Structures are given as structure tokens and as C-alpha cells.
**Q** 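Pasting a structure here, questions to come.
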Amino acid sequence: MPMTGKTKRASWTNWFADHPYHPAQTVLETDALVIGAGPIGLWTVFELGLQGLTCEVVDTLDEAGGQCVALYADKPIYDIPGLPVVSGSDLTQSLLQQIKPFHAGFHFGHQVSALSRLEDGRWHVQAHGVHTGKAQSFAARSIFIAAGVGAFVPKSPKLDGVEALQGQHVFFQYPDSAPLTAGKVCVLGGEQAAVSCVLQLIREHPALTVTLIHRRNVLKAQEADLSRLSALQSSGRVEFVIGQVSALLTSDAAPHALRAVQVDTSEGNLIHIDAHTLVIQQGLSPKLGPLADWGLAMARKQLSVDLETFSTSQSGIYAMGDIVQYPGKRKLIVSGFHEATQAAFAAAAVLRPEQSQVLQYTTSSALLQKRLGLT
Ligand code: FAD
């Protein structure tokens, strides 16, 4: 099989590493729910913390940093005030360190899906695990949407029945939870994540038969991994099929168990490949998703905001960073930092009306220094 030695980013394989699952037995109560753990979501946590407000943060990714980590982790950024040069991942680490005193709860690997108003005026927010499909609910006094260009979610072909099989027979990360001692597994994808997944499956489960399915006759991964894959293909341990998965097949007797995947091959044939597990590793793409259906005023697929408070058209819901649009908006980190700061002050005026609105400085305020854990 022809393969190129290019890889987008070796650490993509780690993105869907295991993460702790927060079960939904309880509704988490919080002053503020922050949607998005990109640089602006993290700075929002800081500003809310200075205002004495508690935070829970939800992100579809398995780590903080948003675009800075997902798209350009090792590239230098030169326009963060006070930092002549910083990489996307170092900026994220510094922000995480800076918000530590506020003990925000993080819910990685979760996508915010539904929103409704509770009778007491708070917001009920539903999130679900992108790997597990399981739910987590929040009751929040305010919501801060720092969702950037959208939720980074795994790319998936449109296949009937994926949801019903997900977590048991269909996976978007290495299938640790599947019973894999023997049998047939299909891996879908043509880049590093898919190749690494095949190699790991063979390494950890010698009795497995693995089929790699990709729509093109070219794989993009590290040279060493491609050589290993070629050797496994020659020895018959791995099969490579060029085509598109067009259906998931189950049997009438066991409608919730995968039996085979149907592939439209590059030669125009329809074939069935026996498999009890399908691992989809086709990378990530940003999707605005359900936020677009919340009835908030939008312009060009971005949220419209009040320029003083960064409130959306719905009271109690604020927005900041790349997700917002207003005349003169610049999609820069420094602009998002300002927007988050304004929104936190505005929310504090509503949620903590008893608190003095007189501006305090971190250099001299005993209250702010106490909240920062310095006194
Ligand atoms: P993001 O970084 O996009 O983070 C949003 C987060 O929200 C994501 O992690 C996403 O998964 C999550 N999310 C979205 N929807 C949901 C949902 N429903 N549920 C759960 N989670 C959700 N800016 C600069 O100032 N200087 C630069 O030099 C610079 N260089 C750049 C280089 C590149 C290649 C790119 C692509 C951008 C660059 N930018 C730069 C722009 C900068 O990265 C963005 O302005 C910044 O990341 C916006 O931050 P954010 O927190 O608003 O959104």
C-alpha cells in the first residue's frame, strides 16, 4: 500500500486517552458554567474567581487549551501582552496555573447539548460524554459561552445506528472497554491516530484480526509506524481495505451487537467485513452544534453580544472569545481576555449585588489576594 511519511501531529493519538467519567447521579450546582476550556474559557474562570464566583468548565476535548492546543500546540505566539513569545501549550499551562486557586471543576470529554430555564431562574445544562454518551447535568446561576469555533468532535461518517452501538461496539478512541481478546476489529481512518490504533490493537491482543479501512490508497503517519503496518500486512495480521463504510450490520437476534461493516470499495463493489468492533479514527472537526439552537441572537453563525457586559440576547448568558461577533471584533486571544473580564464584572453585579462594585486591584486588595490564596 502506498504511504506517505507525513503526520499532522503525533500527539493526536493521545487526544482520546482515557479520562475520568463523571456520573450523572447528581446535578452539579454552580455560580457559573463555562462552556469551553480554550484560552478565553480559562481566563473567564480567573476573572469569575476574582469576583468570588464558583465555576464548572465543560469541554469536548480531553484537555484544556482549545485551538491553542488542538491546532497549534508547539507554534510560537508573539502577541500575548507581557510574554514576548509563548507556545500554545505553554500559554495553556500558564493559564491553568493561574486559575488553580479557584478550584474550578473540569469536565473534559463532555459536550454541552441542552439548555433550559429552571423555575428558580437558574439554568439547567445537560452535557454528554463524547466517548461514553453518558449524561452530566448542571444547575448554574449564569452561563459563559467561550466555545470558540465550536466543539472539537470526532469526525464520523453518517451511519445509521452509530449511537446505539457506541461504547459497546463502536468507539471514537482506543477501545479499552471492549472485550477484545479475540475476533475481528475494523479501524476506520488514514492518519496517525488510525495507524497507531491498529498497531496498539495488534500489540495488546495478539489473537485479534484487524482490518484498516480508508477511502484512499495513501496513509499519512510516521515512517516507523507505516513500516510496522506494512510488515503486519505482509504477515496477514492486518488487512487494508480501500473504500468507505456505508452501513453497520447487526443481526435480528442481536440488534445491539455489531456483526459486520459494509464497505463501498474503490472498485465500486459492496463488501461486508465481519467485525464485532469498529474504531473510528478520522480526526476532529469543530462543530457549533446545539449552541446554535438555543434561540440566542446570532450574526454570521456567531453570537451577538452587548459590548459593555458581553451578555447575549438572553439574560444570565454571556459570551466571549471567537464565538462572538460585534462591529470591529478581532479573533485574537487578547480581545477575548478583555471580553471575559467585562462579562465577569457584569455577572458579579447581578449574582453578588451586595458586593462593592468599586474597582479593586490585585496588587493592593486584601479581598482579591485572599481569593487568590495569597493571604
Ligand atoms: P477556542 O480556542 O476555539 O476554544 C473553544 C473550546 O470550546 C474548544 O476546546 C471546544 O472544544 C470547546 N467547545 C465548543 N463548543 C462546546 C460545547 N458545546 N461543549 C463543550 N465544549 C465546547 N490568536 C492570537 O491572539 N495570536 C496568535 O498568534 C494566534 N495564532 C493562531 C494560529 C492558528 C493556526 C489559529 C487557528 C489561531 C490562532 N489564533 C491566534 C487565534 C486564537 O487561537 C483564538 O482566538 C483563540 O483560541 C480563541 O479562544 P476561545 O477560547 O474563544 O476558543
Side-chain angles (χ1 to χ4, degrees), residues 8-9 15-16 19 22 33-47 56-92 95-96 99 105-115 123 125-131 135-138 140 143-155 283-294 296 301-303 305 310 317-326 329-341 343:
K8 267 191 177 167
R9 204 181 134 223
W15 280 16
F16 291 110
H19 56 85
H22 303 271
L33 181 85
V34 179
I35 303 173
I40 310 311
L42 297 180
W43 189 249
T44 304
V45 172
F46 182 83
E47 290 292 344
E56 298 290 330
V57 187
V58 184
D59 202 302
T60 48
L61 293 178
D62 291 330
E63 58 185 329
Q67 293 171 57
C68 294
V69 166
L71 302 183
Y72 59 99
D74 303 324
K75 291 219 169 92
I77 308 173
Y78 297 103
D79 56 352
I80 303 297
L83 296 172
V85 57
V86 64
S87 69
S89 58
D90 284 349
L91 175 64
T92 302
L95 287 166
L96 285 170
I99 65 175
F106 280 93
H107 307 269
F108 291 118
H110 280 72
Q111 182 175 8
V112 169
S113 41
L115 171 82
W123 293 100
V125 179
Q126 190 77 37
H128 66 273
V130 289
H131 311 311
Q136 172 65 61
S137 312
F138 302 88
I143 294 177
F144 293 77
I145 305 178
V149 287
F152 285 103
V153 291
K155 288 183 197 162
L284 301 166
S285 68
K287 285 211 168 51
L288 194 53
L291 302 190
D293 304 326
W294 288 356
L296 302 171
K301 292 190 176 171
Q302 283 154 321
L303 296 171
V305 282
F310 287 87
I317 303 184
Y318 304 82
M320 58 285 305
D322 280 11
I323 190 82
V324 303
Q325 176 60 41
Y326 53 82
K329 164 70 183 173
R330 302 268 182 271
K331 286 191 179 183
L332 287 171
I333 295 166
V334 70
S335 311
F337 285 170
H338 160 76
E339 295 154 9
T341 308

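Keep in mind it's a predicted model, so treat the numbers as computed, not measured. Just follow the structure's listing: the first ligand is 1, and inside any ligand the first atom is 1.
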**Q** For atom 17 (C) of ligand 1, which candidate among D59, T92, V149, I35 holds the nearest heavy atom?
**A**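 The option holding the nearest heavy atom is I35.
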**Q** Would V112 count as being in polar contact with ligand 1, using the rule that some N or O on each side must be under 3.5 angstrom apart?
**A**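 In this structure, V112 places an N or O atom under 3.5 Å from an N or O of ligand 1.
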**Q** Taking both backbone and side-chain atoms of Y78, is any N or O found less than 3.5 Å from an N or O belonging to ligand 1?
**A**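 The answer is no, given that Y78 and ligand 1 share no N or O pair closer than 3.5 Å.
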**Q** Is V324 close to E339 at the side-chain level, that is, under 4.5 Å between some pair of heavy atoms?
**A**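 Side-chain contact under 4.5 Å: yes.
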**Q** Are F152 and L71 packed together at the side-chain level, in the sense that at least one heavy-atom pair is separated by less than 4.5 angstrom?
**A**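 Yes, close enough: below the 4.5 Å cut-off.
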**Q** With a cut-off of 4.0 Å, which atoms of ligand 1 are near a heavy atom of G36?
**A**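 That gives atoms 6 (C), 7 (O), 12 (C) of ligand 1.
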**Q** Heavy-atom distance to atom 10 (C) of ligand 1: which of A340, A319, G150 wins?
**A**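 It is G150 whose heavy atom sits nearest to atom 10 (C) of ligand 1.
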**Q** Is it the side chain (CB and beyond), the backbone, both or neither of Y72 that lies under 4.0 Å from ligand 1, heavy atoms counted?
**A**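 Side chain only; the backbone of Y72 stays clear of ligand 1.
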**Q** Quick check: do T44 and Y318 have side-chain heavy atoms less than 4.5 Å from each other?
**A**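 Counting from C-beta outward, T44 and Y318 never come under 4.5 Å.
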**Q** How far is atom 53 (O) of ligand 1 from its nearest protein heavy atom, and which residue and atom name does that atom have?
**A**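 The answer is G148 CA, 3.1 Å.
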**Q** Can you sort out which atoms of ligand 1 are near I77, meaning under 4.0 Å from one of its heavy atoms?
**A**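 Those of ligand 1 that fall under 4.0 Å from I77 are 26 (N), 27 (C), 28 (O).
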**Q** State, with a plain yes or no, whether a side-chain heavy atom of L115 is found less than 4.5 Å away from one of W123.
**A**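 A side-chain contact under 4.5 Å exists here.
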**Q** When you measure from atom 16 (C) of ligand 1 to every protein heavy atom, which one gives the shortest distance, and what is it?
**A**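 The closest heavy atom on the protein side is A151 CB, 3.4 Å.
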**Q** Less than 4.5 Å apart, any side-chain heavy atom of H110 and any of H128?
**A**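 Contact flag for H110/H128 side chains = no.
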**Q** I'd like to know whether L288 forms a side chain to side chain contact (heavy atoms under 4.5 Å, CB included) with V149, so could you lay out the CA-CA distance, the side-chain angles of the two residues, the decisive distance to 0.1 Å, and finally the verdict.
**A** CA-CA 7 Å; L288 194 53; V149 287; over 6 Å; no
**Q** Grab the two heavy atoms, one from L42 and one from A37, that are nearest each other, plus how far apart they are.
**A**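 It is CG-O, 3.7 Å.
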**Q** Among all protein heavy atoms, pick the one closest to atom 36 (C) of ligand 1 and tell me residue, atom and distance.
**A**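 In this structure, atom 36 (C) of ligand 1 has Q67 OE1, 3.7 Å as its nearest protein heavy atom.
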**Q** Is I40 close to D322 at the side-chain level, that is, under 4.5 Å between some pair of heavy atoms?
**A**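 The answer is no, as the side chains (C-beta and beyond) never meet within the 4.5 Å cut-off.
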**Q** Using a 3.5 Å cut-off on N or O atoms only, is K287 in polar contact with ligand 1?
**A**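 Not met; the criterion fails.
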**Q** Which of the atoms in ligand 1, numbered in the order shown and given with their element, are less than 4.0 Å from a heavy-atom of F152?
**A**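 Result: 8 (C), 10 (C), 11 (O).
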**Q** Would you say H110 contacts ligand 1, with heavy atoms under 4.0 Å as the rule?
**A**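 The answer is yes, since H110 has a heavy atom less than 4.0 Å from ligand 1.
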**Q** Starting from atom 52 (O) of ligand 1, locate the nearest protein heavy atom and write down its residue, its atom name and how far away it is, to 0.1 Å.
**A**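 Among all protein heavy atoms, the one nearest atom 52 (O) of ligand 1 is D322 N, 3.1 Å.
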**Q** Within ligand 1, which atoms have a heavy atom of G321 less than 4.0 Å away?
**A**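 Counting atoms of ligand 1 from 1, those under 4.0 Å from G321 are 52 (O).
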**Q** Scan side-chain atoms only and decide if H107 and Q136 contain a donor-acceptor pair under the 3.5 Å cut-off.
**A**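 No, no side-chain donor-acceptor contact under 3.5 Å.
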**Q** Only heavy atoms of G38, strictly under 4.0 Å: list the atoms of ligand 1 that pass.
**A**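 Close to G38: 4 (O), 51 (O).
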**Q** Taking the side chain as C-beta and beyond, is there a heavy-atom pair between L91 and I333 under 4.5 Å?
**A**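 Yes, at least one pair of side-chain atoms sits under 4.5 Å.
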**Q** Is ligand 1 under 4.0 Å from a heavy atom in the side chain of A147, in the backbone, in both, or in neither?
**A**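 Both of them.
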**Q** Backbone N or O of Q126 within a donor-acceptor pair of the S137 side chain at under 3.5 Å?
**A**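 No, because the side chain of S137 does not come within donor-acceptor range (under 3.5 Å) of the backbone of Q126.
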**Q** Taking side chain as C-beta onward, heavy atoms only, is F337 less than 4.5 Å from F46?
**A**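 With C-beta onward as the side chain, the pair stays apart.
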**Q** To which protein heavy atom is atom 25 (O) of ligand 1 closest, and what is the distance rounded to 0.1 Å?
**A**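 Ranked first by proximity to atom 25 (O) of ligand 1 is I333 N, 2.9 Å.
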**Q** Relative to the heavy atoms of A146, which atoms of ligand 1 are at a distance of less than 4.0 Å?
**A**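 Near A146, the atoms of ligand 1 are 5 (C), 6 (C), 7 (O).
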**Q** C68 versus ligand 1: do any nitrogen or oxygen atoms come within less than 3.5 Å of each other?
**A**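 The answer is no, given that C68 and ligand 1 share no N or O pair closer than 3.5 Å.
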**Q** How far is atom 26 (N) of ligand 1 from its nearest protein heavy atom, and which residue and atom is that?
**A**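 Looking only at protein heavy atoms, the one closest to atom 26 (N) of ligand 1 is D79 OD1, 2.8 Å.
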**Q** With side chain to side chain contact (heavy atoms under 4.5 Å, CB included) as the test, would you mind laying out the steps for I80 and V334 before giving the verdict?
**A** CA-CA 7 Å; I80 303 297; V334 70; 5.8 Å; no
**Q** For ligand 1, is G336 a contact, meaning one of its heavy atoms is under 4.0 Å away?
**A**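 For ligand 1, residue contact (heavy atoms, under 4.0 Å) with G336 is absent.
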**Q** Could you check whether any side-chain N or O of K329 sits under 3.5 Å from a backbone N or O of G321, counting only pairs where one atom can act as donor and the other as acceptor?
**A**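 Here the side-chain-to-backbone pair exists.
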**Q** If you measure from each non-hydrogen atom of Q111 to ligand 1, which part falls under 4.0 Å: side chain, backbone, both or neither?
**A**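 Both backbone and side chain of Q111 come within 4.0 Å of ligand 1.
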**Q** Any atoms of ligand 1 less than 4.0 Å from a non-hydrogen atom of V58? List them with their elements.
**A**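 Under 4.0 Å from V58, ligand 1 has these atoms: 20 (C), 21 (N).
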**Q** For residues L61 and A70, report the shortest heavy-atom separation together with the two atoms involved.
**A**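 That closest heavy-atom pairing would be CD1-CB, 4.1 Å.
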**Q** Please work out, at 4.0 Å between heavy atoms, whether the side chain, the backbone, both, or neither of I40 comes within that distance of ligand 1.
**A**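 Answer for I40: both.
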